Amino acid sequence: MMSVKATVVSTEVGQKSKKGFQVNATLKTAALGAVVPLILVIAWEYLSRTGVFPPHLLPAPSVICQSLMNMSAEGNLWGHIGITLYRLFIGFLIGTAAAVVLGAAVGYLKKAESLFDPLIQAFRSIPSLAWVPLFILWMGIGEPSKVVLIAVGVFFPVYLNIVSGIQSVDRKLIEVGKIYNFSSLQLIRRIILPASLPSFLVGLRSGLGLGWMFVVAAELMGASTGIGYLLVYGQNTYSPDLIISSIVLFAILGKITDSILKTFEAKALHWQDTIEKKA
Amino acid sequence: MLAIENVSRTFSNGETGFKNLNLSVKKGEVIGILGTSGCGKSTLLRVLSGLDEHYDGQVKIDGESVTAVHEKIGMIFQEPRLLPWLKVRENIPFGLKSDEHKTEKALKYIESVGLNGFENHYPKDLSGGMAQRVAIARALVTAPEILLLDEPFSALDAFTKMQLQDLLLAIWQQYHSTILLVTHDIDEALYLCDRILILRGQPGEIYEELTIPKLKPRGRGDAELAKMKDQIIKLLDLSQINNK
């Protein structure tokens with residue numbers, strides 16, 4: 001027993017000293033991630049200035065920065081970002097909620113699976129953009145049709161991951177619950193839900209990705225605000241800087257929202273015994 | 001305490017499982033069930049624990065016939081089967097109903113399986129032996145009168161195995177639990193059990209029942225036990241399996 005304790009103490013010390021340069025390590029990773037984009041941006045700027053890229057098709061990064069700054073100074077940039085994020089958020093919430101309810105039922109109950117799964121799979125094979133005309137017909141070109149379209153996009157990846165997550169919960173862990181005479185509800189709450197959390201979070205992340213795709217689609221088709229609208233506006237007014245600014249905005253916002261989910265995922269799943277990548 | 005009357009459970013057209021088992025176990029007795037693989041040892045424990053309800057015959061605990069998982073039974077599996085998202089001190093009281101002094105009980109059993117200092121570890125940070133200790137504590141926490149152990153130490157190294165066998169012995173001395181131990185380690189059975197059942201055949205049947213009169217704790221190198229080991233090896237008739 002003594003020797004066991006001794007090794008524990010030493011691992012704890014190890015962890016502490018690790019934390020010391022963990023901050024450094026994250027900075028290092030971030031810096032490494034910035035290397036390639038920086039090189040590309042510098043090359044792009046250089047080629048634009050020397051006239052290799054025609055400015056009416058591909059303006060220099062500095063021009064794009066300038067136009068972003070102008071928009072934010074005028075104040076309407078934040079409005080566009082805000083409305084896009086709002087649509088995405090509401091659509092994401094609705095899609096996820098529906099997916100959780102249906103996915104949990106289909107994953108756990110054989111009956112629900114036979115009842116709903118074939119239909120849902122059939123709906124899944126409809127390209128989601130095919131819904132657009134119908135949604136516009138039903139709900140007009142206002143907010144509801146956009147939000148519903150995003151919700152449809154988010155629904156499927158979340159649903160699929162919840163179902164497969166629940167169905168792949170280790171039978172051995174469920175038996176542990178059975179030994180303690182757990183009711184079905186207790187089994188779900190105390191074993192099945194936590195055990196399928198990893199797969200649920202994967203679903204959330206891919207759902208968010210699709211959500212971004214559909215927010216663009218929704219805003220391309222008849223909106224008067226939002227980043228997607230800026231894209232259309234840029235196309236109609238022949239301003240490539242506006243189009244590229246919008247694309248850059250999508251990239252930045254998409255990355256930020258995904259990082260938020262990723263951080264949440266890491267926090268929620270710290271108990272997982274997975275491989276740490278080589279440095 | 002525990003009575004098994006003419007219980008059979010077979011699979012795949014009666015080729016595997018066990019049949020016609022009769023056994024009565026007194027309180028505080030340690031029964032070892034030995035047999036080569038495929039003779040229904042683990043199936044027997046699954047039937048007794050209530051996880052497998054599709055059997056013929058009757059299982060009685062204190063005279064009442066068992067139909068579902070019984071609260072007097074605790075089970076320790078071959079693998080620890082800890083819940084990876086719970087810390088050691090949350091895993092141990094996992095089977096308790098909400099209002100039963102979870103923390104105190106957890107700490108008490110952490111103490112009795114010798115895991116002080118590991119309360120806040122997650123299963124991924126434990127060695128195999130420590131994880132199995134947690135599993136033992138988790139089974140003890142509901143104060144079961146009958147402990148079923150399904151090859152509990154077979155995945156551990158020889159030294160950890162001996163430590164945990166001694167732990168089990170200490171638990172038996174402290175709580176006077178009735179223990180059914182399925183194993184394929186003859187030394188383990190001889191070291192811990194009062195009676196050893198030898199299952200043979202497919203489906204398995206009780207072939208022989210040996211009583212070990214020696215008092216516990218026993219010496220691991222005991223000459224008498226060594227003789228019994230020879231006898232058991234003959235009874236198991238390993239040659240037959242090699243010929244297959």
Side-chain angles (χ1 to χ4, degrees), chain A residues 1-16 18-19 162 165-166 168-202 264-277, chain B residues 45-46 48-53 68-88 90-91 93-98 113-127 129-131 133 135 138-139 141-142 144 147-148 150 159-160 163 166-167:
Chain A
M1 215 57 237
M2 278 309 286
S3 64
V4 175
K5 268 181 192 155
T7 53
V8 171
V9 170
S10 67
T11 53
E12 266 169 17
V13 171
Q15 272 167 359
K16 259 178 209 160
K18 230 190 234 168
K19 259 183 198 155
I162 288 183
I166 289 178
S168 61
V169 172
D170 194 351
R171 177 188 56 83
K172 292 177 172 173
L173 287 184
I174 293 180
E175 278 181 2
V176 172
K178 287 196 172 149
I179 281 285
Y180 293 119
N181 247 330
F182 280 10
S183 63
S184 294
L185 203 69
Q186 280 174 310
L187 277 182
I188 293 177
R189 198 172 56 83
R190 300 190 60 188
I191 298 177
I192 295 174
L193 281 186
S196 56
L197 188 65
S199 147
F200 173 56
L201 289 172
V202 170
F264 174 69
E265 189 181 357
K267 283 241 166 74
L269 300 182
H270 62 95
W271 47 266
Q272 266 191 325
D273 195 3
T274 44
I275 315 163
E276 278 177 37
K277 285 192 187 124
Chain B
L45 279 204
R46 292 179 61 84
L48 295 183
S49 66
L51 284 177
D52 188 342
E53 294 165 14
V69 177
H70 200 280
E71 58 178 17
K72 283 186 182 164
I73 279 181
M75 177 113 176
I76 298 167
F77 299 94
Q78 187 174 357
E79 326 80 22
R81 301 198 184 182
L82 304 180
L83 301 144
W85 54 89
L86 297 180
K87 294 175 180 171
V88 167
E90 296 160 336
N91 252 301
F94 187 72
L96 291 176
K97 307 282 176 291
S98 51
V113 296
L115 279 176
N116 301 53
F118 293 91
E119 294 87 348
N120 292 320
H121 281 57
Y122 282 92
K124 66 168 179 174
D125 300 324
L126 299 175
S127 70
M130 289 195 275
R133 280 171 197 262
R138 183 176 65 184
V141 83
T142 51
L147 266 182
L148 306 175
D150 187 2
F159 304 115
T160 315
Q163 281 181 335
D166 287 330
L167 174 67

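Model, not experiment: these values are computed from the prediction. In the text below, chain A, chain B and the rest are named by the order of the sequence lines, each starting its count at 1.
Closest heavy-atom contact between A:Arg190 and B:Phe94: NH2-O, 3.0 Å. Here the closest non-hydrogen pair linking A:Pro194 and B:Trp85 is CB-CE2, 3.1 Å. Residue B:Phe77 comes nearest to A:Val176 through the heavy atom pair CE1-CG2, 4.1 Å, listed as atom of the first residue, atom of the second, then distance. Annotation for A:Ile179 and B:Val69: closest pair O-CG1, 3.1 Å, computed over non-hydrogen atoms.
Here B:Met75 contributes atom CE and A:Tyr180 contributes atom OH; the two are 11.0 Å apart, rounded to the nearest 0.5 Å. A:Asp170 contributes atom CG, which lies 7.5 Å from atom CZ of B:Arg81 (distance to the nearest 0.5 angstrom).
For B:Glu71, the CD atom is loosely surrounded, since the number of other residues' heavy atoms within 6.0 Å does not exceed 12.
Residue B:Leu86: no heavy atom, backbone or side chain, is found under 4.5 Å from chain A. Contacts of A:Leu197 with chain B are absent, with no heavy-atom separation under 4.5 Å from either backbone or side chain. Neither the backbone nor the side chain of A:Ala268 comes within less than 4.5 Å of any heavy atom of chain B.
Top candidate by heavy-atom pairs under 4.5 Å with chain B, chosen from A:Gln272, A:Lys178, A:His270, is A:His270.
Two residues are said to be in side-chain contact when any heavy atoms from C-beta on lie closer than 4.5 Å; A:Glu175 and B:Arg46 meet this criterion.
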